[in-house]
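No hydrogens, no waters, no symmetry mates; every other heavy atom, side chains included, goes into these values. We name chains A, B, ... by the order of the sequence lines, and we start the count at 1 in each one. What you see is a predicted model, and the numbers here were worked out from it, not measured in a lab.
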Amino acid sequence: MALTRDEVLHIAALARLGLSDDEVARLQGQLSAILDYFERLKSVDTEGLAPTSHSVPLVNVLREDEPHPSLSCEAVLGNAPRHEDGFIKVRKVLE
Amino acid sequence: MTTVATDYEVVIGLEVHAQLLTRSKMFCGCSAEYSAAPPNTHVCPVCLGMPGVLPVINRRAVELTIMTALALDCEIPEQSKFDRKNYHYPDLMKGYQVSQYDLPLSRDGWLTIETEEGERRVGVTRVHLEEDTARLTHVDGPDGSFSLVDVNRSGVPLMEIVSEPDMRSPEEARLYLVKLRQVLRYAGVSLANMEEGNFRCDANVSLRPRGSSSLGVKVEVKNMNSFRSVQRALEYEVERQTRLLDGGEAVVQETRGWVESEGKTVSQRSKEYAHDYRYFPEPDLPPMQVNRELVSRLRAALPELPDEKRRRFEEAYGLTRYEAELLVESRARADYHEAAVAASGLRGDARLQRAKQVANWMLGDMARLQNAQNVDIEAVRIQPEQLGQLVAMVEGGQITGRSAKAVFERMWREGRSPHEIVAEEGLAQISGVDELRGIVERVIAASDRAVADYRAGKTEAVQFLVGQVMKQTKGRANPGTVRDLLLEILQNG
């Protein structure tokens, strides 16, 4: 199942990735190959089987509503390339 | 060219996000109390979206969501799960929001609103659970434009309540929001305060020719920060779409932001393409099986809700629907009324009489002072039993209605009992004939004109004389006794 160039560009835009023409061409092939695997999976007969959303047999793993200590502000900002007055500073993105 | 003005029907659906009253966040143990905390102090690897962390569902958040759903008469399916909603924005630490897609905690409920044409049910499509995002502050400085990120709000439990497109006017949308806020507060699941941002509303608005059953092109309106701005934004949008359609133009499906200062909605361009969220099951959170026993327990834990309480107030206290509706506006106000009535220990008609009088004070003088001074019922200094005592003193003839108003104002200011104030001010009603006779005689002696009018057949002159006696006694005289005395002296004299 071949993805079009526009579809690859759309997926890249959703992921906020800028791609060169070469990369678009390469990903067009690779993403199409992944979809082909799913086409093969679709050939399996799943008649009468409930959809599986999780592969482990666990349900209702819940915790009590009790607050625990958080990280220090210094630790939180430790990975931030830029910060100011305790805030993480990022380029302005308006939606 | 002739134009025919089309009669349009307005179609509105609302999406409300309400923060839940939990102590910790949705999937980690960080404190959910973010509003007063210094930035980035209630944050851990889970709500920061670090690789390899394991989120765990907050039990209380699930319970509060189910309680809300039950209060809105929703069905609670046995199977539910969380999903990832993928999009990239700086307020989203993980690149996806954990939300619910095809198996929400509840669906198919309703909320009753009271419109001018009577009661109407607004359908509730679903109530589901998700997590809040980080808070962004946009700054334009000399070194460029940037955003400051505070992750404290990231991961705070957020409940989404989606309505059916059942509202037919901006006013109905406002009524729905007011009622929903009331229900959330009654159920104790959320502070539901729009100005503080823990109750937010997005609206979908479209128009269609009246009589048509298909939906028109809808516009999503965001950025409304008060009930008033919701109503204004919707009114603006209805007008804008009407103008477009009347002019033969098409409404574009888009998201528009309400700009409060300019009183208009503007297109938010970057959303021109439909969002492609690529939902898929959250692999880190095992599904939930909501057992029926839990549902029964949560149903039992729900307090009496506004509609129920209103009906009971009408029946138990003989109040009008309007009075009852005002009294049950909040649980605290309703409780105040009930405490004031209960303190009397009265039964039967005397109790109804007392309930009516307490309601009159609460909805009259008390409401007036509350509004003027912006005081919530919780902060009113007059205790419920003190208001009951004041009513009892008027009913028992110990003070006049006029004095009662003055006593009430002092109770409001000082929070003291009416007995104390009446004793101190010497406001006790004068009903004694002997005590009043002297005053009445002096008034007659000083009011030649009124006395002459009375003798000339103008019986309304008596009212003037009663007024004079009330003035002399600073409102403490029993008006009935005064009138009898006046007539007696005038007829004999």
Identify which part of [X] has an atom lying under 4.5 Å from any heavy atom of chain A, answering side chain, backbone, both or neither.
| X | answer |
| --- | --- |
| B:Asp83 | neither |
| B:Pro157 | neither |
| B:Glu33 | neither |
| B:Pro283 | backbone |
| B:Phe27 | backbone |

Does atom [atom1] of [X] have more than 12 heavy-atom neighbours, drawn from other residues, nucleotides or ligands, at distances under 6.0 Å?
| X | atom1 | value |
| --- | --- | --- |
| B:Lys85 | NZ | yes |
| B:Glu293 | CD | no |
| A:Lys89 | NZ | yes |
| B:Tyr101 | OH | no |

Item to check | Main-chain N/O of A:Gly86 paired with B:Asn40 side-chain donor or acceptor, under 3.5 Å | outcome: yes
Item to check | Test item: A:His54 side-chain N/O and B:Leu285 main-chain N/O as donor-acceptor pair under 3.5 Å | outcome: yes
Could you check whether any side-chain heavy atom of [X] comes within less than 4.5 Å of a side-chain heavy atom of [Y], counting everything from C-beta outward?
| X | Y | result |
| --- | --- | --- |
| B:Val151 | A:Ile88 | yes |
| B:Asp150 | A:Phe87 | yes |
| A:Glu64 | B:Arg59 | yes |
| B:Leu48 | A:Val76 | yes |

Checklist entry - Between B:Ala134, B:Ala32, B:Cys28, which shows the greatest number of heavy-atom pairs under 4.5 Å with chain A? => result B:Cys28
Checklist entry - chain A: which of B:Lys25, B:Arg278, B:Gln289, B:Lys81 shares the most heavy-atom pairs with it under 4.5 Å? => result B:Gln289
Item to check | Name of the residue among B:Ser31, B:Cys30, B:Pro45 meeting side-chain contact (heavy atoms from CB on, under 4.5 Å) with A:Ser70 | outcome: B:Cys30
Return the [atom1] to [atom2] distance between [X] and [Y], rounded to the nearest 0.5 Å.
| X | Y | atom1 | atom2 | value |
| --- | --- | --- | --- | --- |
| A:Leu71 | B:Thr41 | CG | OG1 | 11.0 Å |
| A:His68 | B:His42 | NE2 | NE2 | 14.0 Å |
| B:Asp276 | A:Ile11 | CG | CD1 | 8.5 Å |
| B:Leu148 | A:Asp85 | CG | CG | 7.5 Å |
| A:Asp65 | B:Asn58 | CG | CG | 4.0 Å |

Checklist entry - By a 4.5 Å heavy-atom criterion (distance strictly below it), what part of A:Val90 contacts chain B: side chain, backbone, both, or neither? => result both
Checklist entry - Among A:Asn79, A:Val56, A:Leu58, which residue forms the greatest number of heavy-atom pairs with chain B at distances under 4.5 Å? => result A:Leu58
Next on the checklist: Quick check for you: among A:Glu74, A:Arg91, A:Glu66, which has the greatest number of heavy-atom pairs under 4.5 Å with chain B?
Outcome noted: A:Glu66
Next on the checklist: Is there a side chain to side chain contact (heavy atoms under 4.5 Å, CB included) between A:Val61 and B:Val56? Walk through the geometry before answering.
Outcome noted: CA-CA 7 Å; A:Val61 180; B:Val56 189; 4.3 Å; yes
Item to check | Cationic tip of A:Lys92 above B:Phe146 ring, under 6.0 Å, 45° of axis | outcome: no
